[in-house]
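One structure is given here, and the rest of the page talks about it.
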Amino acid sequence: MPPMMSMADDAIDNLFSAPPKLVNVGLESFAEELTAQGVEVVQVDWSPPARGDARLADLLSKLSW
Amino acid sequence: MSMILNQVRRGYFLDSVALMRISRTVAGLDGVEEAALMMGSPSNLGIMCDADLLDEVGRAAAGGDLILAVRAADQAAGEAALAKASDLLERRPSAAGTGNTWRSKTLRSAVKHLPGANLALISVPGDFAAAEARKALRAGLHAMIFSDNVSIKDELDLKQEARAAGLLVMGPDCGTAIIGGVPLAFANVVPRGDIGIIGASGTGIQEISCLIAQAGGGVSHAIGVGGRDLKAEIGGITTLMAIDALACDPATRHVVLISKPPAAEVARRVLERIGASPKSYTVCFIGAEELDLPANARAASTLKAAALDAMQINALLGTVHTVTVPDARAGSIQGLFCGGTLAAEAQVIFRAAGLAVASNAPIPGIEPLAGSTALHRLIDLGEDEYTAGRPHPMIEPAVRDDVLAETLRDPDVAVVLLDVVIGLGADEDPAGHVAREVAGRGAGGPIVIASVTGTDGDPQGRLAQIEKLRAAGIHVAASNADAAELAVACIGAGA
């Protein structure tokens with residue numbers, strides 16, 4: 001087996017083996033189009049976190065999810 | 001005398017595409033001169049101020065506030081427009097459609113609500129995209145980051161974290177992907193097939209996948225990697241993972257790799273990895289002239305050549321129309337492109353024809369536009385100088401209107417070369433928009449040549465879009481490369 005074969009992870013195999021199931025964070029039109037195609041998608045009701053402070057939001061994402 | 005009326009909704013967020021749709025409707029109302037709904041960020045305030053849309057109410061808005069702004073012929077029309085805007089905000093359809101109105105408050109609860117969720121599509125403003133992508137990775141999701149304006153350091157951090165977890169990060173600035181037959185963001189409805197695509201370019205993936213479909217083939221997966229993945233700073237992390245993943249994918253027979261010319265060290269590593277893959281490859285480093293490829297890979301200089309090579313055919317068969325070369329004439333060719341890689345592909349063809357051409361996004365061997373005296377120009381309208389504060393021209397075709405109108409009036413222009421990109425995410429009728437702009441040109445104006453990147457499976461329908469262009473007297477070629485070649489043929493000895 002060539003060395004790169006071992007790098008392909010199960011998670012990517014899983015992504016390729018069936019239509020993806022999506023979490024959409026952002027433009028709602030993307031979720032609308034996916035739903036119209038019969039794709040499973042959940043829209044996150046996103047608004048700028050940390051009162052719009054991008055640096056603080058970035059820091060928070062590193063502490064937890 | 002015009003009236004400016006503003007309303008501000010404190011702490012109300014709506015995404016830019018949803019706001020653009022409402023703005024368009026309101027701007028089209030009787031008595032309304034201009035209208036915009038925008039979040040109150042400093043840059044948006046500047047844009048609205050320049051457009052003479054702000055009063056003291058709007059000027060006091062903060063970044064997290066939504067501004068509804070109209071300039072109308074009189075008070076009554078302005079008030080009616082604001083009422084309509086408010087109504088449209090209240091009646092906004094659910095993102096998940098009529099059958100499923102539930103929205104998750106957080107990414108964490110979305111994952112709980114959708115067992116087996118495996119991919120996050122992230123299109124929040126760039127300042128916040130890395131944070132959302134990090135949350136997605138830590139929830140075990142692959143991430144497609146559509147957002148741009150993510151720092152290269154954040155991109156590297158995210159891709160390293162993802163690689164350690166065996167997850168793919170597509171992007172940032174990844175406009176197009178097709179995974180498991182599902183077109184994501186700006187992608188086209190193409191049949192499933194045995195050709196995989198790895199692309200650092202959204203419109204490059206779109207053109208190749210659509211030409212493969214036009215030639216009777218199909219796509220297994222198209223993996224967008226983001227425009228900077230093959231730069232030295234990132235080292236091709238996602239590209240290398242995609243090569244490995246497609247090596248193991250039983251649905252993929254052959255792979256097309258499309259990118260701008262990578263950093264030399266990254267190119268070496270990528271080509272080495274391709275050489276170890278059991279799949280055959282077509283490599284299109286658009287603009288690169290010399291490639292030292294492994295035995296299982298072939299080079300293609302254009303997107304069209306890449307699609308034909310992947311299909312192992314010599315020509316696009318079964319195309320629905322033939323284009324005759326219009327009378328040759330002297331003058332310049334002006335290319336006005338929505339797709340950056342489509343502009344790059346045209347440059348490859350002009351360069352091969354030996355034409356003096358300049359571009360605002362030049363490939364190797366082409367002059368930068370600034371200060372150039374080259375006769376011909378190929379412009380990427382998706383570049384920052386055209387899109388600052390405005391949607392990308394693939395979402396809002398009106399971005400091309402001013403420069404197109406000016407070009408059509410220019411007596412020194414012999415040929416106008418255009419792309420029309422359809423598919424999911426794109427405007428609902430870009431060809432109709434172009435046709436209306438072009439139909440108004442006077443007799444004796446330039447020859448207009450276009451191509452349509454898309455399929456008949458797309459919501460706009462490729463054939464229907466082609467017919468609209470032809471009805472406006474536009475010559476429609478079978479591909480972007482064919483359109484560029486036709487433009488070159490048109491000027492003939494006049495070059």
Side-chain angles (χ1 to χ4, degrees), chain A, chain B residues 13 15-18 63-64 93 95-97 100 103-108 110-111 113-114 116-125 127-128 130-132 134-136 138-142 146-147 165-168 179-182 185 221 241 243-245 247-249 251 273 276-277 424-425:
Chain A
M1 179 183 284
M4 82 288 171
M5 301 285 274
S6 60
M7 285 182 62
D9 192 88
D10 286 350
I12 301 179
D13 291 346
N14 172 270
L15 179 67
F16 284 177
S17 62
K21 292 186 176 185
L22 281 110
V23 174
N24 188 51
V25 192
L27 301 177
E28 296 194 8
S29 51
F30 288 160
E32 290 164 14
E33 288 177 330
L34 288 164
T35 302
Q37 295 177 69
V39 177
E40 288 188 79
V41 57
V42 171
Q43 174 73 28
V44 175
D45 199 7
W46 190 89
S47 60
R51 294 184 177 175
D53 183 337
R55 229 162 51 92
L56 183 57
D58 196 59
L59 189 61
L60 288 171
S61 76
K62 289 175 179 165
L63 298 174
S64 63
W65 69 271
Chain B
F13 178 82
D15 73 62
S16 55
V17 171
N100 177 7
R103 295 169 197 227
S104 172
K105 284 288 177 199
T106 65
L107 192 141
R108 185 201 296 254
V111 172
H113 185 80
L114 185 62
N118 55 2
L119 176 60
L121 174 51
I122 295 164
S123 55
V124 299
D127 284 348
F128 299 95
E132 297 304 323
R134 195 173 293 110
K135 289 182 204 169
R138 292 181 183 178
L141 305 182
H142 304 280
F146 178 84
S147 317
L167 296 168
L168 273 181
I179 302 294
V182 175
H221 309 283
M241 290 179 73
I243 292 169
D244 292 345
C248 303
D249 178 41
R273 193 68 66 89
S277 170
L424 301 170

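Here is the naming used below: chain letters follow the sequence lines, and residue numbers restart at 1 for every chain.
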> chain A heavy atoms under 4.5 Å from S16(B): which part of the residue, side chain, backbone, both or neither?
Replying inline: both
> Given that the side chain runs from C-beta out, which part of V44(A) has a heavy atom under 4.5 Å from chain B: side chain, backbone, both or neither?
Replying inline: both
> So F146(B) and F30(A), would you call those rings parallel, tilted or perpendicular, with 30° and 60° as cut-offs?
Replying inline: perpendicular
>> Need one label for D249(B): side chain, backbone, both or neither, based on atoms under 4.5 Å from any heavy atom in chain A.
In response: side chain
>> For I179(B), which atoms come within 4.5 Å of any heavy atom of chain A: side chain, backbone, both, or neither?
In response: both
>> Restricting to side-chain hydrogen bond (donor to acceptor under 3.5 Å, both in side chains), what partner residues turn up for S104(B), sequence neighbours left out?
In response: S109(B)
> Is chain B contacted by the side chain of L34(A), its backbone, both, or neither, given a heavy-atom distance below 4.5 Å?
Replying inline: side chain
> When rounded to the nearest 0.5 angstrom, what is the spacing between NZ in K21(A) and CG in L114(B)?
Replying inline: 5.5 Å
>> Any non-hydrogen side-chain atom of S47(A) less than 4.5 Å from a side-chain atom of F128(B)?
In response: no
> Measuring from I122(B):CD1 to N24(A):CG, what's the distance to the nearest 0.5 Å?
Replying inline: 9.5 Å
> Under 4.5 Å between any side-chain heavy atoms of H142(B) and I12(A), yes or no?
Replying inline: yes
> Contact part of A110(B) toward chain A, heavy-atom cut-off under 4.5 Å: side chain, backbone, both or neither?
Replying inline: both
>> Closer than 3.5 angstrom, by distance alone: can the side chain of E28(A) be matched with the main-chain N or O of D15(B) as a donor-acceptor pair?
In response: no
> Between A11(A) and G166(B), which heavy-atom pair has the shortest distance, and what is it?
Replying inline: CB-O, 3.5 Å
> What residue, out of A131(B), G180(B), G425(B), has the most heavy-atom pairs lying under 4.5 Å from chain A?
Replying inline: A131(B)
> How many angstroms lie between CG in N118(B) and CD in E40(A), if you round to the nearest 0.5 Å?
Replying inline: 10.0 Å
> Which pair of non-hydrogen atoms, one from V124(B) and one from G26(A), has the smallest distance, and what is that distance?
Replying inline: CG1-CA, 4.0 Å
> What are the two closest non-hydrogen atoms of W46(A) and E132(B), and how far apart are they?
Replying inline: NE1-OE2, 2.9 Å
>> If the condition is side-chain hydrogen bond (donor to acceptor under 3.5 Å, both in side chains), which residues does S17(A) pass it with, not counting sequence neighbours?
In response: none
> With chain A, which of A120(B), G64(B), G63(B), G140(B) has the greatest number of heavy-atom pairs at distances under 4.5 Å?
Replying inline: A120(B)
>> To check you understand the geometry: which heavy-atom pair defines the closest contact between Q37(A) and V182(B), and what is its length?
In response: OE1-CG1, 4.3 Å
